[in-house]
Amino acid sequence: MTDSKYFTTTKKGEIFELKSELNSDKKEKKREAVKKVIASMTVGKDVSALFPDVVNCMQTDNLELKKLVYLYLMNYAKSNPDMAIMAVNTFVKDCEDPNPLIRALAVRTMGCIRVEKITEYLCEPLRKCLRDEDPYVRKTAAVCVAKLYDINAQLVDDQGFLEQLKELLSDSNPMVVANAVAALSEMNEASITGSPLIEMNSQTINKLLTALNECTEWGQVFILDSLANYSPKDDREAQSICERITPRLAHANAAVVLSAIKVLMKLMEMLPTDSDFVTTLTKKLAPPLVTLLSTEPEVQYVALRNINLIVQKRPDILKHEMKVFFVKYNDPIYVKLEKLDIMIRLASQANIAQVLSELKEYATEVDVDFVRKAVRAIGRCAIKVEQSAERCVSTLLDLIQTKVNYVVQEAIVVIKDIFRKYPNKYESIISLLCENLDTLDEPEARASMIWIIGEYAERIDNADELLESFLEGFHDENTQVQLQLLTAIVKLFLKRPTDTQELVQQVLSLATQDSDNPDLRDRGFIYWRLLSTDPGAAKDVVLAEKPLISEETDLLEPTLLDELVCHISSLASVYHKPPNAFVEGRPGLRKSLPARNENASASNVTQAAVIPAPQESLIGDLLSMDLTTPAVIPTSVQPPSVDLLASGLDSLLTTSDLPAASSSNTGLLGDIFGFTPTPVSYSPPKQLWLPSENGKGLEIMGTFSRKNGQISMDMTLKNKAMQPMSGFAIQLNKNSFGLTPARPLQVLNPLLPTASYETSLSLATTGLVQRMEPITNLQVAIKNNIDVLYFACIIPMNVFFIEDGQMDKRVFLKTWKDIPAENEVQFTLKNVLCNTEAIVLKMSQNNVFTIAKRHVEGQDMLYQSLKLTNGNWVLNELKIQPGNPNITLSLKLLAMEVAQGVFQAYDAILHS
């Protein structure tokens, strides 16, 4: 009979029976009882009451019974720490057992018992096992050190286990080396400082490469991952490592192959791009990647997500392998879509005919999602390969002729992009597109068609009728369609003002009066203002030449791509997100590729200290950005002699509500409605600082704010005692920012029973400085006629942001580069319901100044600076994706201790 019988019992009084059997003199009966206990534990029954009885069974020579007892111990030791100490002697004894399996079992169990009370007793047995003569015991002990580090990092350091682990890197057994590397990697990940616990050098790397050929496949993965974190001292060493790793590309395990590719991709960055070695290596990388695509679909998908990153970084690797990415009829949809994306990335003039032929076939498939993606892919090919644009447009027209609704709609969306890429080239097909107007029911397709009509209104005789047909159901349309319709009709009006005045009045009225959408209303008011004051300016703005669409718009941002290449073969490379975006509590330290060395004769390759080469170009773009305030029309400028809108809109908004162009730059809303908003910095709501029971009847509620360049301590003092209070004075203890009262505390004298008094105390930053924990902690003493009262409060970090924190763009760039990479931390601001403009405004009201703004990969990137009262600068990068309430905040600063406070300030301000 099998062991399944132990899981079938449901008897009552079972614990008592098991207790009796565990204390039996018969070894067989005792083993059966332990098996029953483990079975009960496995199905979720609480058998912790049997802890002392099970521990008594540890004293046995039977390996099977010992394993079962150790399994029980691992599960229940945390809930019975006092009893777990009973097992210490047995562990110590088992670590000296003649049988290496028992020694290894003892040390493994010791590592899994997460009870801090007994860890110090286990140090000596662990030290012996790390020097054990048997490699199986040594490799188990290496992993145990990592587990002990997770429980008590200081203990591992004090006991010298790190040095012993370093010695194991030179072990004669490759599996011991692999486990030592794995343990060190795990400890590095868990390290609070983020700096490597053990610095790798050439000798250590040489030993790892020697062990690489002999250890198991997962041992190889650990070693390769460790090699990926090593920066060779010169290109000669990098080349040598590449040569010794290249044989791993032929391994049967996909994880080993991808880990080897990760190391090679990183080292290739250090070698001259035009060298014969890099060319040869590039050719060697293609076959293993192709082989991964002949595995099961799940592995294929992981391989394809990694290939997607590799192709973006080095398209030459797979430029001759287009055919392997052609879709098979039985591929799952997730594999099909990923292959399609890679096909577009590899498309070039040499293979475009082949690609288009395939894509046209895909567009006739039955899977709707796949067909849509295939049609979009044809458009992306047209934008990417200029020579193929005509053939792509012809293919799209053939697909439109099929009259399949979703195919037609996708085709119109991509044709709009083709028009933007190649203006005045393919407009002859507009009449054919207009024939399909009535079949469009998807917002994106309708918006695209409206854009085409508005952009080429002068070529479409009945453009006004077509746009008017959309206007009939304006309120039922999607916001995207409404915004596009508003812009298209204004374009039409500027091109043909005589016969479309009524139409533009109608759409402006719908947008500004009848709509609840703030974006639509604001755009309507802007157009209205432009058209009624300066039609020439309106033409310059609305009919301005559009920037051409780039084929690079769907690529990952270079800094993110470099980071993800460093994470090939991990979950980050599948999600295409850095680890700290989806792993809770992970330190926000980034990996990045080394700086490229273009000089083949250089003796040394230095790793970029701060920003890798691609990021340098990204931040470099900040210098070309113009953040100056646009020129304002002076009040002396005469209004235009002809008002295109005549007086048709006067009834909706009188001229008194629309003052002539103002010389202030407070924004459109203030300009239209004639008020100037006053910036208001964030101040948290008052909190209870001193309860009356602790303050002998005095209750203090308070907060901090920043007013007119000075920090203010705003308090409400309430007398809940039975006697008047008088003689108030305040003193602040030494603190991190040197806060001290700038003047005496002003309180109503006397403060009668039940009375309360609001007071604001101005604070200076000229006092004595002492590092507090947390850094914004403030200890306060208040004296009155009753006693001296003490309390502590937390100061919000934003009150330390001073008014001269706006950095020059060039200084910002230089400072960003000068701050080391390890001084960059990332946070996620969750559920922020503000758009980019609102964020810029809110932060500027709190002395956080926007230096530059970019739009990359569908997301807005803001670069901001702030300065603290102690002179420390903090440089910030915000990544904002439209529609995503979570924002990534990256901080670069020298004073790392303020990072958490700055993040909390951002979080509070943006949620205020």
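The shown structure was predicted, so the numbers you read here are calculated from the model rather than taken from an experiment.
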Who pairs with N517 by side chain to side chain donor-acceptor pair (under 3.5 Å), at least two apart in sequence or on another chain? T479
For N777, side chain to side chain donor-acceptor pair (under 3.5 Å) partners two or more places apart: none
Cut-off 3.5 Å, no hydrogens considered: what does the side-chain donor-acceptor table look like for residues 704-715, sequence neighbours left out?
| unit_1 | atom_1 | unit_2 | atom_2 | d |
| --- | --- | --- | --- | --- |
| S705 | OG | D714 | OD2 | 2.7 |
| R706 | NE | F801 | O | 3.2 |
| R706 | NE | E803 | OE2 | 3.1 |
| R706 | NH1 | V799 | O | 2.7 |
| R706 | NH2 | G709 | O | 3.3 |
| R706 | NH2 | E803 | OE1 | 3.2 |
| K707 | NZ | D714 | OD1 | 3.3 |
| S712 | OG | D714 | OD1 | 2.7 |
| D714 | OD1 | S760 | OG | 2.8 |

All ring pair (Phe, Tyr, Trp, His ring centres under 6.0 Å) counterparts of F903, not counting sequence neighbours: F827
Show, in sequence, the C-alpha distance, side-chain angles and deciding distance for E557 and K879, and conclude whether the salt bridge (Lys or Arg N to Asp or Glu O under 4.0 Å) test is met. CA-CA 11 Å; E557 184 199 337; K879 290 184 182 177; 3.5 Å; yes
Is the closest side-chain donor-acceptor distance between Q482 and N478 under 3.5 Å? no
Just distance, no hydrogens or angles: give the donor-acceptor pairs under 3.5 Å from side chains in residues 783-796, sequence neighbours left out.
| unit_1 | atom_1 | unit_2 | atom_2 | d |
| --- | --- | --- | --- | --- |
| N784 | OD1 | I786 | N | 2.9 |
| N784 | OD1 | D787 | N | 3.1 |
| N785 | OD1 | S726 | N | 3.0 |
| N785 | ND2 | P724 | O | 3.4 |
| D787 | OD2 | K696 | NZ | 2.5 |

Validation row: N719, L698 side chains within 4.5 angstrom (heavy atoms): no
With the side chain counted from C-beta on, respond yes when Q864 and M843 share a heavy-atom pair under 4.5 Å apart, and no when they do not. yes
Do D818 and K814 meet the salt-bridge criterion of a basic N to acidic O distance under 4.0 Å? yes
Where A905 and N798 come nearest, the two heavy atoms and their spacing: CB-N, 3.9 Å
Sort and list the pairs that fulfil side chain to side chain donor-acceptor pair (under 3.5 Å) and have at least one residue in residues 748-759, not counting sequence neighbours. K686-E758, T716-E758
Walk me through whether N872 and L894 qualify under side-chain contact (heavy atoms from CB on, under 4.5 Å). CA-CA 8 Å; N872 283 326; L894 292 173; 5.7 Å; no
